[in-house]
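One structure is given here, and the rest of the page talks about it.
In what follows, chains carry the letters A, B, and so on, assigned in the order in which the sequence lines appear, proteins first and then strands, with residues in each chain numbered from 1.
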There are 2 protein chains.
Amino acid sequence: MERKEISKAVIGRLPRYYRYLGELIEEGVERISSNELSARMKVTASQIRQDLNNFGGFGQQGYGYNVKYLYSEISKILGIDQQHNVIIIGAGNLGQAIANYTNFERRGFVIKGMFDINPKLIGLVIRGIEIRSVDDLETFIKDNEIQIAALTIPKTKAPEIADRLVNAGIKAIWNFAHTDLVVPDDVVVENVHLSESLMRLSYRVCSMQDQGDGKGEKSSK
Amino acid sequence: MERKEISKAVIGRLPRYYRYLGELIEEGVERISSNELSARMKVTASQIRQDLNNFGGFGQQGYGYNVKYLYSEISKILGIDQQHNVIIIGAGNLGQAIANYTNFERRGFVIKGMFDINPKLIGLVIRGIEIRSVDDLETFIKDNEIQIAALTIPKTKAPEIADRLVNAGIKAIWNFAHTDLVVPDDVVVENVHLSESLMRLSYRVCSMQDQGDGKGEKSSK
DNA sequence: TAGATTGTTAATCGATTAACAATC
DNA sequence: TAGATTGTTAATCGATTAACAATC
């Protein structure tokens with residue numbers, strides 16, 4: 001079974017397809033053509049068909065796609081039909097925000113524990129999840145078959161913790177620290193660099209102003 | 001002023017260049033060649049030169065790039081040399097996490113206010129920022145020249161609030177709600193869809209398992 | 001069957017990498 | 001100057017869009 005390597009661009013779009021299909025299910029829509037979906041999502045129908053056909057034929061000529069079936073197939077592709085055990089390292093606001101977001105559990109991401117170095121936080125329980133000392137990290141990962149660690153700690157601490165996670169056998173790091181982690185090839189790192197996102201927004205705001213919309217504004221260049 | 005349209009891919013990389021240049025400054029490095037930088041960042045030197053030359057020649061043949069100068073030029077390109085007034089709508093954990101992240105202020109993003117509908121939160125003060133009722137939204141935006149709104153509220157409330165923000169003259173929405181906002185062309189929306197990020201991570205974990213522990217080619221970019 | 005719409009191949013477009021002349 | 005390294009053009013690679021035959 002030689003699986004053709006799927007491009008990052010395609011993977012990047014799958015969750016969005018999944019979200020729209022979920023909404024269609026809620027609306028009671030049973031089937032949809034690539035054309036109708038393209039109109040909703042503001043992408044080309046060609047791209048939708050091309051993307052989906054990376055994984056096999058989910059549609060039917062003359063009919064379109066069965067919404068529930070496609071939804072379920074995409075969930076399998078993304079692996080969110082399975083349970084993933086997650087820990088959160090860093091129990092500050094961001095870590096707590098993630099812990100409190102119940103939708104993750106609906107997608108199979110079960111938060112098994114939280115960790116911090118702050119003694120004031122250790123022992124607290126957030127939505128049934130206990131905050132532990134990072135000293136217990138390795139033991140906990142092994143005892144609870146943790147696959148994914150969300151890293152919501154300052155960037156100065158991140159590399160050291162990442163090393164410990166890797167050595168403890170973690171499979172993936174969801175990295176919110178503002179630094180690029182160095183890990184072996186078989187460990188997945190998915191970055192969420194909020195400050196970079198905000199800078200991109202800033203660029204777009206400024207370039208919007210530059211090209212103006214007819215209104216007079218001080219042109220700084 | 002016909003500025004050549006810069007591709008999204010290029011803009012996406014600028015904040016990362018900026019981060020690495022900041023680290024170089026901290027290390028006391030004065031100049032760097034595209035080759036040295038490429039080795040650090042794990043991108044090609046060609047790409048670095050090509051990217052930077054979208055905005056003009058910042059380097060010097062035979063010398064390389066002056067780190068401080070390039071850092072400052074990129075900050076101008078990104079518009080983070082200017083002050084941006086920001087509000088946060090939704091004062092839950094995520095909103096508070098953003099409010100507490102002081103590094104944003106260092107980049108010129110000044111958080112002027114927070115808003116919520118929960119009466120228990122209204123009146124609280126986070127790091128000097130008062131939580132107000134969303135009833136005061138429009139007035140506050142106008143009185144304080146707010147350009148950017150971070151939207152950290154549930155997706156059900158997001159479209160209505162987005163409309164109000166647009167009507168109040170906001171320039172950009174930093175959208176954490178799990179939905180695609182519909183806004184006029186001159187309003188910027190930058191999405192941070194955490195659940196989609198987590199699904200991409202899930203895919204990569206699963207595909208890693210599928211192909212066994214063979215040779216990967218990805219790294220933690 | 002006839003109409004609709006997919007799956008898939010071919011054409012186009014854009015982004016990345018390579019190469020090298022310009023020049024500090 | 002000679003060596004180094006950029007700025008920039010050309011070549012390659014990959015991703016998106018268009019087209020249409022297959023087929024439900």
Between Ser33(B) and Gln60(A), who's closer to the 5' end of DNA chain D by nearest nucleotide?
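In this pair, the answer is Ser33(B).
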Closest to side chain of [X], choosing from [options]:
X        : options                  : answer
Ala9(A)  : dT17(C), dT16(D), dT6(C) : dT16(D)
Gln61(A) : dT5(D), dA22(D), dA19(D) : dA22(D)
Gln50(B) : dT17(D), dT6(C), dA10(D) : dA10(D)
Gln47(B) : dT17(C), dT6(D), dA18(C) : dT17(C)
Asn53(A) : dT6(D), dT8(C), dG7(D)   : dT8(C)

Please work out if Arg13(A) contacts a base, only the sugar-phosphate, or nothing of the nucleic acid, heavy-atom cut-off 4.0 Å.
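The residue Arg13(A) makes sugar-phosphate contact but no base contact.
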Output yes when Arg13(A) and Asp51(A) qualify as a salt bridge under the 4.0 Å nitrogen-oxygen rule, no when they do not.
yes
Would you verify whether the NZ or CZ of Arg31(B) falls within 45 degrees of the ring axis of Tyr65(B) while also being under 6.0 Å from that six-membered ring's centre?
no
Starting at [atom1] of [X] and ending at [atom2] of [N], how long is that distance when rounded to a whole Å?
X        : N       : atom1 : atom2 : result
Glu5(A)  : dC13(D) : CD    : C1'   : 16 Å
Ile48(A) : dA15(D) : CD1   : P     : 18 Å
Glu36(A) : dA4(C)  : CD    : P     : 13 Å

Are Phe109(A) and Leu198(B) side-chain neighbours, meaning at least one heavy-atom pair lies under 4.5 Å?
yes
Phosphate OP1/OP2 of [N]: any [X] side-chain N/O under 4.0 Å:
X        : N       : value
Arg49(B) : dG7(D)  : no
Thr44(B) : dT17(C) : yes
Tyr65(A) : dG7(C)  : yes
Ser34(A) : dT6(C)  : yes

Tell whether Ser7(A) reaches the base of dA15(D) with its side chain through a donor-acceptor pair below 3.5 angstrom.
no
Backbone N/O of Ile146(A) and side chain of Asn144(A): donor-acceptor pair under 3.5 Å:
no
Between Asn85(B) and Ile111(B), is there a donor-acceptor pair closer than 3.5 Å when you use the side chain of the first and the backbone of the second?
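Such a contact is absent between Asn85(B) side chain and Ile111(B) backbone.
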Considering Watson-Crick and G-U wobble pairs with both distances under 3.5 Å, what does dA22(D) pair with?
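Answer to the pairing question: dT5(C), which forms a Watson-Crick or G-U pair with dA22(D).
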